[in-house]
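Atoms within a ligand are numbered from 1 in the order they appear, just like the ligands themselves. Quick note: residue numbers are just sequence positions, from 1. These numbers come from a predicted model, not from an experiment. Quick note: numbers below take in every heavy atom, side chains included, and nothing from hydrogens, waters or symmetry partners.
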Amino acid sequence: MTRKKYSLLLVDDELANLQKLRRTFMEQYSVHSAQSAAEALEILGRVAVDAIITDQRMPDMTGLELLETLQKSHPNLVRIVLTGFAEVSDLIAAINTGKVHKYITKPWEPDDLRLVVHDALEKMELIIENERLAAELKLANERLRTENIILRQEVEQQVFSKSIIHGSPEMENILHLLRRVTGTGTTVLIQGETGTGKELIARFIHGESNRRDQIFIPVNCGAIPRELVESEFFGHSRGAFTGATQEKKGFFEMADGGTLFLDEIGEAPPELQVKLLRVIQEGEIMPVGYNQPRKVDVRIIASTNRDLKAEVQANRFRQDLFFRINVFSVTIPPLRERRKDIPPLAEFFLQQFSRKLNRRTGGFSDETRELMLEYSWPGNVRELQNEVERLVLLSEPGRAIGPELLSDHIRQRHRSSPVSDGDLKTAVRELEEEMIRETLTRFGQNRSRTARALGISRQSLLEKLRRMGIND
Ligand SMILES: Nc1ncnc2c1ncn2[C@@H]1O[C@H](COP(=O)(O)OP(=O)(O)OP(=O)(O)O)[C@@H](O)[C@H]1O
Ligand SMILES: [Mg+2]
């Protein structure tokens, strides 16, 4: 046990008794004394005290009453009562309910009293220590649970989609290009529309690097509340702010030695952008509540589905940060610009979902294949993946998957021209609705960005959506 100097508060209305008590403890303890309960309370409000020894009989308040008040306000205070032998029976109830830890009958021997106080303090320290350990254990368990979730996602991801399926020269080129940086610690920026496989590529880069046995942590930069950004990314000390009851590691420290995937970096709020710039420049972080920076060794892979250069020009993204992350950048083309990837991807997903959903299908019919090849896939690979899952669910066991099972908008792509017949107004409206639907899918249903891409106001987009029967 620690040998810190404990502090005692002695309470007795008789001065002679107080002096005797003082002499008993003066050497080993730092001693405060009070001649009444009121004075004792006043001292307790000012100084930290480890144990209180009080006389039972005092004019303003009995020792027991005093200790009873303290049980609530100072739960970790060791509470000892000095009492005449005849009154011991009155104390039993108080001891049983924890109001009093020990009682000592008068007259007392200094050595006995010292021993009693010492034991009581030691016992209290063990209790406090146990509580702290239990809290730490609880926290450690929570940490483990979080890590376990991350690891499980990792494993699932690897089992589910180990490789980057492709059949197009465009994708082949990208993979070829990427192999040049996988083995290095170079920062990589991956650009591409939603669902093109940016995260998959990021995992691929990590998996091919010499960090592959270390952790890969994906973080969505736009999804963390502003007020938590600093502590989530850089961690904090215990007591750094209200509610910071334990020290916490931030993403950068958790990813030390591994890879941090800054997903949707274009959505990072300005405060985060400044801080990211600093870490990337200095290679060190400053957790909240500390004043010593810590070195971290983290490989950064960033992704965005916005045009980051344009974001810089529009003053929404810091240019200096852009330069730092734009060291080696790849742009994954949308699926409609690498159509040769569609057939192998469709077959791959078909196998995956057949296995997962336990459905044996008869494969795609020729016409289904053709329609899938021609469709524009604004939601890219993810949309294709979802469509195939849907097809597998709808399919009859052993029967070929015909075009009638495809979603309406994919099947309808085939009609020759939107303005073939009917009046112009209807045709224009049809075209408009189609473009809106596609753009919405492309921007993950984000209204503002869809409006911007279509060159109309958000208000006018919302009106059109209401007309189309699409509400939030
Ligand atoms: N080439 C590919 N081979 C196999 N699966 C792929 C391929 N490309 C994408 N996928 C799958 O498509 C889905 C979407 O990919 P991912 O999440 O990597 O896209 P993203 O570009 O990060 O999308 P978002 O911008 O919406 O976050 C995932 O389930 C991924 O495994
Ligand atoms: Mg993603």
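Ligand 1 places these atoms under 4.0 Å from at least one heavy atom of E199: 18 (O), 22 (O). Heavy-atom proximity to E264, at under 4.0 Å, picks out these atoms of ligand 1: 25 (O), 27 (O).
The residue from T194, T196, L200 that puts a heavy atom closest to atom 2 (C) of ligand 1 is L200.
Contact annotation: for N380 versus ligand 1, there are no heavy atoms closer than 4.0 Å. Of the heavy atoms in H166, none comes closer than 4.0 Å to ligand 1.
Of all heavy-atom pairs between R203 and P218, the closest is NH2-CG, 3.8 Å.
Looking at I164 next to ligand 1, no N or O pair under 3.5 Å apart turns up. Annotation: G197 places an N or O atom under 3.5 Å from an N or O atom of ligand 1; distance criterion only.
In R238, the CZ atom is not crowded: 12 or fewer heavy atoms of neighbouring residues, nucleotides or ligands sit closer than 6.0 Å.
Under the side-chain contact (heavy atoms from CB on, under 4.5 Å) criterion, M171 pairs with I164, H166, S168, I174, I201, I332, R338, D341, sequence neighbours left out.
Note that the OG1 atom of T331 and the CD atom of E337 stand 10.5 Å from one another [nearest 0.5 Å].
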Would you mind writing out the side-chain donor-acceptor pairs for residues 279-287 within the sub-3.5 Å range, not counting sequence neighbours?
{"unit_1": "E284", "atom_1": "OE1", "unit_2": "K295", "atom_2": "NZ", "d": "3.2"}

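Within the 4.0 Å heavy-atom shell around ligand 1 one finds G195.
For the pair V388 and F364, the minimum side-chain heavy-atom distance is below 4.5 Å.
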